[in-house]
Visitor: 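Take this structure, written in structure tokens, and hold onto it; I'll ask about it next.
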Amino acid sequence: MSFRLSPIWWPVLVVASPIIVPWLLAKNRRFQKESGNVAKLNQNRIKEAEPLEMPELDFLELTVLVEWKAKEGFIGDAGVSYLFKSELGSMLYDVGFGPTRPALTHNAAKLGFNLDQVDALTISHLHCDHMGGIPAQRSRQVTVPDELMSEKLKACFLPDKAEAQGFKTQLVERPQLLTAGIASSGPLARSLFIMGFTEEQALVARVKGKGLVVFTGCGHPTIEVVLKMVERLSNEPLYAVGGGLHFPITDGRGNRAGIKFQTIIGTGKPPWQRITDEDLSRTITAINAAGPKKVYLSGHDTCDHALDRMEKELKAETKVLKAGATYRF
Ligand SMILES: [Zn+2]
Ligand SMILES: [Zn+2]
């Protein structure tokens, strides 16, 4: 197994250990306590959720603006930006690394996309690869490249408190219909060891003759928890599941300076633990039990090994999403 942290960093770790070790132990105590609270919080939210009136859509279409894998001529990046369209309107879900990297602007220009074309922006969760870059995450300010902005003030649906300049922000506190006939699961929480308490909202839509389509951003609350919430919102069968499921098992995206960041700080677990194949096996079993007909995987937070395993072991027809591609449900 290859190193998550290159041996060139090990002497630095040894020297810094008198500071790092007590810090990690204190953080771990907080993390353990918060994880228990978060599990209860999600359970209560799921228990209290009521069935949602979701319009039956004639069609739902997804065009991928930002993803790790990309069609020829498009730029791949470790972020997410998905454009959803139905006969009732359209919505942009996440803005990748926003103006801080070229993928969103380049791919949007190639597709002739800007925010004039959508009714609203929805942010899955407040992480840099979804809300517009590292400065955006630090300042809790959703950031969209100027080239994409619309003169008209659009709604920006947020799963947690943040700002979004040029938008009318709307905090989503429970499952609700957003726009274009697409609903939010409402915020579902996760305690991540390094990144801390994180709220994430998934999208849910109901397509005529098919069933429910569910999309996540990073999938931090776990797809198991998201699907439990979805079950409360509608009795329709599950048709498709897509988006980030967060399995950087053997590798991470955006490795730098001999550090596989996603496998150390992006696992949600303490850095001395890993996301394992056993974890993935449990999720594969859960998805198979939920029985979607189609699965659309994101490579932005899931390594090739995990993508391969899911393509082989999921019973659903499984595809890996690509920037520049359009999928119709
Ligand atoms: Zn992500
Ligand atoms: Zn995330």
Side-chain angles (χ1 to χ4, degrees), residues 42 46 49 51-52 54-64 67-69 80 82-86 91 93-94 122 124 175 177-178 180-186 188 190 200-247 249 275 277 279-303 306-322 325-329:
N42 286 338
I46 292 168
L52 209 56
M54 279 187 274
E56 197 173 50
L57 300 174
D58 287 333
F59 80 95
L60 182 69
E61 194 181 86
L62 159 65
T63 298
V64 176
E67 250 305 335
W68 177 252
K69 309 234 171 190
V80 160
Y82 299 154
L83 169 63
F84 286 96
K85 279 186 207 159
S86 75
M91 175 204 289
Y93 186 49
D94 290 341
T122 299
S124 63
L177 207 56
L178 301 175
I182 302 169
S184 164
S185 65
L188 290 163
R190 172 79 182 269
E200 181 170 336
Q201 57 180 338
L203 299 183
V204 191
R206 182 181 160 214
V207 182
K208 195 186 266 175
K210 292 185 171 161
L212 301 175
V213 175
V214 178
F215 262 79
T216 61
C218 258
H220 291 302
T222 75
I223 191 66
E224 291 89 330
V225 168
V226 172
L227 292 179
K228 268 194 197 125
M229 175 58 99
V230 170
E231 258 176 45
R232 299 279 297 171
L233 304 182
S234 171
N235 290 327
E236 291 280 312
L238 184 64
Y239 174 67
V241 170
L245 297 180
H246 216 81
F247 281 97
I249 299 178
I275 292 184
D277 269 303
D279 295 331
L280 179 58
S281 295
R282 274 195 297 276
T283 294
I284 289 173
T285 305
I287 295 176
N288 282 338
K293 299 242 176 346
K294 306 207 171 194
V295 173
Y296 298 85
L297 300 169
S298 169
H300 94 284
D301 61 359
T302 296
C303 65
L307 292 175
D308 284 348
R309 271 198 61 196
M310 284 193 272
E311 284 190 278
K312 285 193 193 96
E313 296 173 41
L314 286 172
K315 289 183 199 148
E317 186 190 325
T318 303
K319 287 186 180 141
V320 179
L321 294 163
K322 278 188 179 175
T326 295
Y327 306 82
R328 207 177 154 97
F329 309 103

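Position 1 is the first residue of the sequence; numbering continues from there. Reckoned from all heavy atoms, side chains included, excluding hydrogens, waters and symmetry mates.
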Visitor: Please enumerate all residues that pass salt bridge (charged side-chain N to carboxylate O under 4.0 Å, His left out) together with Lys69, with sequence neighbours excluded.
Guide: Asp304

Visitor: Looking at Thr63 and Leu83, would you say the former's side chain and the latter's main chain have a donor-acceptor pair under 3.5 Å?
Guide: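 Checking the backbone N and O of Leu83 against the side chain of Thr63, no donor-acceptor pair under 3.5 Å is found.
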
Visitor: Restricting to salt bridge (charged side-chain N to carboxylate O under 4.0 Å, His left out), what partner residues turn up for Glu61, sequence neighbours left out?
Guide: Arg328

Visitor: Name all residues meeting the side-chain hydrogen bond (donor to acceptor under 3.5 Å, both in side chains) criterion together with Ser185; count only those two or more places apart in sequence or in a different chain, and write none if there are none.
Guide: none

Visitor: Mind checking what makes salt bridge (charged side-chain N to carboxylate O under 4.0 Å, His left out) contact with Lys293, not counting sequence neighbours?
Guide: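 Scan of Lys293 (salt bridge (charged side-chain N to carboxylate O under 4.0 Å, His left out), adjacent residues dropped) gives none.
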
Visitor: Only counting residues at least two apart or in another chain, list the ones meeting ring pair (Phe, Tyr, Trp, His ring centres under 6.0 Å) with His246.
Guide: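 Testing His246 for ring pair (Phe, Tyr, Trp, His ring centres under 6.0 Å), a comparison that skips the adjacent residues, returns His220.
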
Visitor: Could you list the donor-acceptor pairs under 3.5 angstrom formed between side-chain atoms of residues 229-241 and any protein atom two or more places apart in sequence or on another chain?
Guide:
| unit_1 | atom_1 | unit_2 | atom_2 | d |
| --- | --- | --- | --- | --- |
| Arg232 | NE | Ile46 | O | 2.9 |
| Arg232 | NH2 | Lys47 | O | 2.6 |
| Arg232 | NH2 | Ala49 | O | 3.2 |
| Ser234 | OG | Glu236 | N | 3.0 |

Visitor: Please enumerate all residues that pass ring pair (Phe, Tyr, Trp, His ring centres under 6.0 Å) together with Tyr82, with sequence neighbours excluded.
Guide: Phe215

Visitor: Nearest heavy-atom pair of Ala202 and Val226: which atoms, and what distance?
Guide: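 Result for this residue pair: CB-CG1, 3.8 Å.
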
Visitor: Sub-3.5 Å donor-acceptor pair from the side chain of Asp94 to the main-chain atoms of Val80, do we have one?
Guide: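 Checked: no pair found.
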
Visitor: With respect to Leu203, which candidate in Leu178, Val214, Val213 satisfies the side chain to side chain contact (heavy atoms under 4.5 Å, CB included) definition?
Guide: Leu178

Visitor: Tell me every residue that passes side-chain hydrogen bond (donor to acceptor under 3.5 Å, both in side chains) with Asn42, counting only those two or more places apart in sequence or in another chain.
Guide: none

Visitor: Does the Asn288 side chain pair with the main chain of Glu313, one donor and one acceptor, at a distance under 3.5 Å?
Guide: yes

Visitor: How would you list, by chain and number, every residue that makes a side-chain hydrogen bond (donor to acceptor under 3.5 Å, both in side chains) with Ser298, sequence neighbours excluded?
Guide: Glu67, His300

Visitor: With side chains defined as the heavy atoms from C-beta onward, is the minimum distance between Ile284 and Leu314 less than 4.5 Å?
Guide: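 SC-SC contact between Ile284 and Leu314 confirmed.
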
Visitor: Can you tell me which residue among Leu245, Thr302, Leu321 is in a side chain to side chain contact (heavy atoms under 4.5 Å, CB included) with Leu297?
Guide: Leu245

Visitor: Apply side-chain hydrogen bond (donor to acceptor under 3.5 Å, both in side chains) to Thr318 and list each qualifying residue two or more places apart in sequence or on a separate chain.
Guide: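 Counting only residues at least two positions away or on another chain, Thr318 forms no side-chain hydrogen bond (donor to acceptor under 3.5 Å, both in side chains).
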
Visitor: Test: side-chain hydrogen bond (donor to acceptor under 3.5 Å, both in side chains). Region: residues 205-217. Which pairs qualify, not counting sequence neighbours?
Guide: Asp58-Lys208

Visitor: Who are the salt bridge (charged side-chain N to carboxylate O under 4.0 Å, His left out) partners of Asp277, not counting sequence neighbours?
Guide: Arg309

